[in-house]
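Remember, it's 1-based here, ligands and their atoms both numbered in the order they're listed.
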Amino acid sequence: MTLLELKSNKHKLTGEIIIPGDKSISHRSVMFGSIAHGETIVSNFLPGDDCLSTISCFRKLGVTIEEENHRLRIIGNGFEGLSEPNEILDVGNSGTTIRLLMGILAGRPFYTSIIGDHSIGKRPMTRVTDPLAKMGAIIDGRQNAKYTPISIRGGELNAINYRLPVASAQVKSSIILAGLQANGETVIEEPAETRDHTERMIRQFGAEIIKENRLIKVKGGQKLSAAAVHVPGDISSAAFFLAAGVTVSGSSIVLKNVGLNPTRTGMIEVMKRMGAELKIFEYDNGSFEPAGDIVVKTSNLKGTVIEGDIIPTLIDEIPIIALMATQADGPTIIRNAEELKVKETNRIDTVVLELQKLGAAIEATEDGMLIHGNSKLHGGSVSSHGDHRIGMMLAIAALLCDGEVALEQPEAISVSYPNFFTHLNHLLSE
Ligand code: S3P
């Protein structure tokens, strides 16, 4: 097992970094390029382990994908261009890959068998296999298709009207991708708005999708045409440096090329509420995904309540928000975040367990966390539990600790941010 010693130097962070490509959009660029007709060129692709798993799955489905220097060239031949794989598809650690992939395969008239890593084996798939089976796909898997390994035999699909039982962009996107292949119009109702990268990309690839408040409508049989995709930086990766910038004393940093899709910017809203000094300079880049630069400085933070409809817009940022809240004046309460229990780890338990080891006053609640604030953190031995976002949160925590932090399983970070430590060292070195 790898162990990384993180020296607590309480050194300020200064300078600028360019945030790497967005994971959610990178996955979708591979998938849409593969099911569209023609040559799709993707720039600023994120070559993290999760997105590389998506590429590997689509190559096994017969798609030509060239990847070099954050640039992809994908030759798609429509949904019909996908062919029955003669190998098992392995999604690694990636929930987005497996759930969206199943939506695509639901309409393909062949058999596919899918596995993932240990963490994927514990994540619920019924949320996707249920609606896809209702549309007509034949799906089986461990515990009645609740868990991987999963097998899917697709075919003719019928549109459905479906209310999502959880606010999940992965489930929504999976049904949309099946809906594009179904007879009739599929209507999906979301309990709360979730990231809309799939909807934006459908339009970029020349097809239609209608969004009316919480209703999404998509007609089957539409043709997707190859398109240019420029992936903006991942706000979920920028989040670690946003939090470091406001909490490590004497810091002032610039984060360049951060995706600013309003369905993803909940953390910025929460930071403003907590009193963070940050300035946003949005680009006028004409892209279908907005982006900009963010300047952030050490700030006096106060606690807040985070609950309700904002939760899906910052769901992946909660581990680092929790760390930020340990440094605020007064308590922070996070509610309605039970979805954290089914992420790469149970992120309520892992955040609380690991931050307590460093001296934070933080408690798990039924659907979130209670963070008391004003915690003086000390060194200790912690683990990412193989979860990239827990690993990065703990690496930032080390900057706030008196004493050394030893981080187990730091390699998990390469799932979404392969050059995280290079960027961190750059900001510490100026
Ligand atoms: C994602 C959606 C979210 C998020 C995940 C990526 C996506 O998951 O946590 O990291 O790309 O659609 P859920 O849809 O399960 O909430």
Peer 1: Between ligand 1 and Glu339, is the shortest N or O to N or O distance under 3.5 Å?
Peer 2: no
Peer 1: Provide, to 0.1 Å, the distance between atom 4 (C) of ligand 1 and the closest protein heavy atom, together with that atom's residue and name.
Peer 2: Asp316 OD2, 3.3 Å
Peer 1: Using 4.0 Å as the upper bound for N to carboxylate O, is an ion pair formed by Asp293 and Lys256?
Peer 2: yes
Peer 1: Indicate yes or no: does Asp349 engage Lys341 in a salt bridge with an N to O separation below 4.0 Å.
Peer 2: no
Peer 1: I want to know if ligand 1 touches Arg389 in the polar sense, i.e. an N/O pair below 3.5 angstrom.
Peer 2: no
Peer 1: Count the heavy atoms of every other residue, nucleotide or ligand shown that sit under 6.0 Å from NZ of Lys211, and state whether that count exceeds 12.
Peer 2: yes
Peer 1: Give the contacting part of Arg195 toward ligand 1: side chain, backbone, both or neither, where contact means a heavy-atom distance below 4.0 Å.
Peer 2: side chain
Peer 1: Are the charged groups of Glu212 and Lys217 less than 4.0 angstrom apart, N to O?
Peer 2: yes
Peer 1: Tell me, please, which residues at least two apart from Asp117 pass side chain to side chain donor-acceptor pair (under 3.5 Å).
Peer 2: Asn93
Peer 1: Only heavy atoms of Thr96, strictly under 4.0 Å: list the atoms of ligand 1 that pass.
Peer 2: 1 (C), 6 (C), 7 (C), 11 (O)
Peer 1: Suppose I only count heavy atoms of Ala169 and a 4.0 Å limit; which atoms of ligand 1 are within that range?
Peer 2: 12 (O), 14 (O)
Peer 1: Which residue supplies the protein heavy atom nearest to atom 3 (C) of ligand 1, what is that atom called, and how far is it?
Peer 2: Lys343 NZ, 3.8 Å
Peer 1: Answer yes or no: is there an ion pair linking Arg127 with Glu339, defined by an N-O contact shorter than 4.0 Å?
Peer 2: yes
Peer 1: How close does the nearest protein non-hydrogen atom get to atom 12 (O) of ligand 1, and which residue and atom is it?
Peer 2: Arg28 NH2, 2.7 Å
